[in-house]
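Have a look at the structure below, then the notes.
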Amino acid sequence: MNARPFRKVLVANRGEIAVRVLTACRTAGLATVAVASEADVSARHARLADELVVLGPASARESYLVAAKILDAARATGADAIHPGFGFLSENAAFARAVLDAGLVWIGPPPAAIEAMGLKVPSRERMKAAGVPVVPGSHDLSPEHLAGIGMPIVIKASAGGGGKGMRVVRSESELAGAIESCRREAEAAFGDPTLYAERYLERPRHIEIQVFGDTHGRVVALGERECSLQRRHQKVVEESPSPVVTPSLRARMSEAAVAAAKEVGYVNAGTVEFLLDTDGSFFFLEMNTRLQVEHPVTEEAWGLDLVALQLTVAAGEPLPSDLPTAPAAHAIEGRLYAEDPENGFLPQIGTVLVYEEPGGPGVRVDSGIESGSEVSVHYDPMLAKVVARGRTREEARRRLVDALGRTVVLGVATNVSWLKRLLETPEFVRGDLDTSLLSRLEVPPSPEPPAEVLAAAAGVLAVGDGRSVAAAHAVFPDPFAAGTFRVLG
Amino acid sequence: MKLKNLATGTVHETTADRGEIPRGARAVRDGLTTWVHYRGEIWRLARLVERPGAREEEEHDLRAPMPGVVARVLAEEGQAVEKGTPLLVLSAMKMEHEIRSPRPGRLAKLFRAVGERVDMGDPLAEIE
């Protein structure tokens with residue numbers, strides 16, 4: 001594991017997670033190296049680090065996904081540790097092994113644990129053997145085996161994650177088409193067309209347990225996150241604790257999650273995902289062998305810095321003996337995506353002309369963008385995460401609604417206003433969630449603009465050259481002006 | 001001035017076009033599209049400009065709703081299509097999006113083949 005103290009960390013990622021990890025490294029007094037594609041050289045994460053190495057062209061396949069270039073960058077800068085963030089190479093066991101073989105510290109789990117959990121079929125079998133409850137399923141997609149599972153069935157990419165390459169099938173007639181398109185998406189996204197199928201629970205909650213292991217054999221659970229609000233299997237809103245997980249259920253799920261982690265010799269931060277059925281039974285879904293996108297809700301609810309803990313454990317130190325055993329607050333996160341909720345959530349690209357983050361008590365924003373950032377087709381459309389903490393769930397929810405209203409992103413369409421309306425639905429207010437809720441929930445439509453908004457639009461259109469795409473005029477209200485004020489330029 | 005709400009498609013008319021921005025509103029412009037943040041909501045409004053013949057063109061063309069790469073073609077030229085018939089699949093940001101016919105008719109022309117890149121607004125097909 002090469003677990004030993006280190007002094008300079010290379011963060012092999014981009015966007016908000018690179019900013020998050022680089023900040024934690026700086027806080028810990030460590031020197032930092034960022035990597036960037038040619039499209040990202042002036043991005044927020046690239047400017048935050050002490051040193052920057054440019055990897056190659058914008059396409060991730062030619063930059064962030066090229067293990068050899070990352071290792072060269074570490075060598076060239078004298079970095080002695082690598083943090084992979086999430087996505088990209090974070091769950092690539094061969095890369096983790098190459099980092100260790102190069103004599104560097106890998107701020108993540110052992111390669112063998114990544115491998116053991118990376119393929120859904122063997123990991124499920126192994127968890128079953130270790131006594132962790134699993135959903136009935138099959139890696140044999142022949143009709144007779146699928147009949148044994150019972151409808152509905154979900155077909156997934158064996159090497160997949162994040163909802164890519166997944167299809168839900170409700171009748172036998174849809175089966176052949178779903179398998180074919182799933183196989184193609186799996187091949188394109190992961191280079192591996194292997195699929196597996198399992199029973200699809202109709203209205204389960206997605207509950208995941210944060211686990212943490214150190215190199216001294218200790219594995220702890222740090223509570224659950226509820227991530228039931230998903231659209232096309234992509235998480236949209238997460239919270240901790242879950243509105244339905246009682247202390248005794250938390251204890252049982254934590255026990256299963258720790259057993260799963262210990263089974264594969266887990267070290268560092270990991271997440272064991274479960275489906276929670278309406279009757280309180282739960283089933284192992286998969287283990288994510290990395291820091292999770294939604295880790296901030298655990299941090300806010302439990303009062304922890306999980307990235308700082310990752311650095312501690314990677315340096316070979318034991319986990320602190322005084323970790324909390326229960327959440328001290330409630331935290332909710334909304335993911336800000338560059339997408340158009342009113343037009344089928346299609347991904348959006350463009351230049352962020354104005355960006356402003358909310359602040360205030362209990363409000364946190366993890367973001368990789370700023371005014372002037374380019375949102376391109378090359379990378380994930382998630383731009384930022386807006387998180388609010390409260391003494392109660394309702395306080396956290398109200399703070400998040402207000403914070404989202406003060407999150408200003410102009411120039412690229414995002415889901416920010418939609419998120420706000422989602423958090424105001426009676427279902428969310430009650431905490432009555434399940435993984436299919438978003439597919440049937442009627443989130444109120446965007447309101448029509450009041451006269452003030454039409455006047456503002458007309459006002460900004462009245463200046464400059466109407467046909468020039470480059471001529472974007474940022475207009476800021478003057479706090480000292482009474483009523484209206486005139487546009488300059 | 002006529003302004004179209006890009007979220008809902010509703011067209012609004014306003015006479016306030018003297019370059020004044022109401023207090024508390026923030027607006028930017030990118031060509032004919034404006035973005036306004038006001039009281040916790042964000043609107044996208046496009047100025048409508050009268051263009052002769054524009055309507056006819058819009059009726060026949062199916063344009064790419066986003067940039068991407070054509071992953072699959074699901075229909076053939078000359079084929080009769082219903083509203084909602086899948087025509088092709090665009091792939092972008094590692095996700096696949098099915099492009100369906102907006103109305104019944106005949107697929108007169110497909111402008112793109114598998115593997116070709118498209119930008120937002122590029123014509124994809126002509127439905128007669």
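Quick note on labels: first sequence line is chain A, next is B, and so on, each numbered from 1. Bear in mind that the values here come from a model prediction, so they are computed numbers and not experimental data.
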At their closest point, which heavy atom of [X] faces which heavy atom of [Y], and how far apart are they?
{"X": "A/A456", "Y": "B/V36", "answer": "CB-CG1, 3.9 Å"}
{"X": "B/W43", "Y": "A/S446", "answer": "NE1-OG, 4.4 Å"}
{"X": "A/V408", "Y": "B/I42", "answer": "CA-CD1, 4.4 Å"}
{"X": "B/Y38", "Y": "A/E452", "answer": "OH-CG, 3.3 Å"}

Against chain B, label [X] side chain, backbone, both or neither, depending on which of its atoms sit under 4.5 Å from a heavy atom there.
{"X": "A/P447", "result": "both"}
{"X": "A/A451", "result": "neither"}
{"X": "A/A457", "result": "both"}
{"X": "A/V401", "result": "neither"}
{"X": "A/P449", "result": "both"}

What residue in A/V453, A/L346, A/N343 has the most heavy-atom pairs under 4.5 Å with chain B? A/V453
I'd like to verify something: which residue of B/L3, B/V89, B/T33 has the highest number of heavy-atom pairs under 4.5 Å with chain A?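 Result: the option with the highest number of such pairs is B/L3.
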Set of side chain to side chain donor-acceptor pair (under 3.5 Å) partners for A/E370, sequence neighbours left out: A/R47
For the atom pair [atom1] ([X]) and [atom2] ([Y]), what is the distance rounded to the nearest 0.5 Å?
{"X": "A/L461", "Y": "B/L45", "atom1": "CG", "atom2": "CG", "answer": "8.5 Å"}
{"X": "B/T34", "Y": "A/L454", "atom1": "OG1", "atom2": "CG", "answer": "9.0 Å"}
{"X": "A/T351", "Y": "B/D30", "atom1": "OG1", "atom2": "CG", "answer": "7.0 Å"}

Are [X] and [Y] packed together at the side-chain level, in the sense that at least one heavy-atom pair is separated by less than 4.5 angstrom?
{"X": "B/R44", "Y": "A/D340", "result": "yes"}
{"X": "A/E356", "Y": "B/H37", "result": "no"}
{"X": "B/R72", "Y": "A/S181", "result": "yes"}

